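Structure record follows, encoded as structure tokens.
Because the structure is predicted, anything quoted here is derived from the model rather than measured. Just so we're on the same page: letters track the sequence lines, and every chain starts at 1.
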Amino acid sequence: MEKEKDNFFQRVHEVARTIPVGRVTTYGAIAAHLGAPKSSRMVGWAMNNSHGTDVPAHRVVNRLGMLTGKAQFTSPTEMEERLRAEGVVVKEEKVVDFEALFWEPI
DNA sequence: GTTTTGACGTAGC
DNA sequence: CGCTACGCCAAAA
């Protein structure tokens, strides 16, 4: 059986999919969970690939709690709208009480 | 095969 | 307090 070479993306997708509703996490946290805290950029890349999958990319923000990836969504407001729909308050493209809503991949 | 870029992070000024 | 620069790794051109 062929091994999945996309383990990096697959791994990111798997972790991101584990994010509970109403919670958010950071690229660095996911990257660190994968064992590559410096590959935080790759997480964003993986998320871009995850567009169209079960991966809630809107729950992933940078360590500042800023919705840096909103521009990559179908609509730049979709990310904020989705987060609000899950109970996450977004202000100035940033997550309010970010550290309180921050969820670390287990 | 080399160069550029990219949804980040940290450090420096 | 805000911007610049560098690092880091992987994919696309």
Discussion item. Between A:K94 and A:V61, is there a side-chain heavy-atom distance shorter than 4.5 Å?
Written reply: no
Identify each donor-acceptor pair in which a side-chain atom of residues 26-42 of chain A lies under 3.5 Å from a protein atom, sequence neighbours left out, and give them as a table.
unit_1: A:T26; atom_1: OG1; unit_2: A:A29; atom_2: N; d: 3.0
unit_1: A:Y27; atom_1: OH; unit_2: A:V60; atom_2: O; d: 3.3

Worksheet item: Is the closest side-chain heavy-atom distance between A:W103 and A:V24 below 4.5 Å?
Response: no
Discussion item. If we ignore hydrogens and angles and just use 3.5 Å, is the side chain of A:D97 paired with the main-chain N or O of A:A100 as donor and acceptor?
Written reply: no
Practice prompt. Classify every nucleotide of nucleotides 7-13 of chain B by which part a protein heavy atom approaches to under 4.0 Å, writing B for the base, S for the sugar-phosphate alone and - for neither, in 5'-to-3' order.
Written response: BBSS---
Worksheet item: So with a 6.0 Å cut-off around CD of A:E86, is the heavy-atom count from everything else above 12?
Response: yes
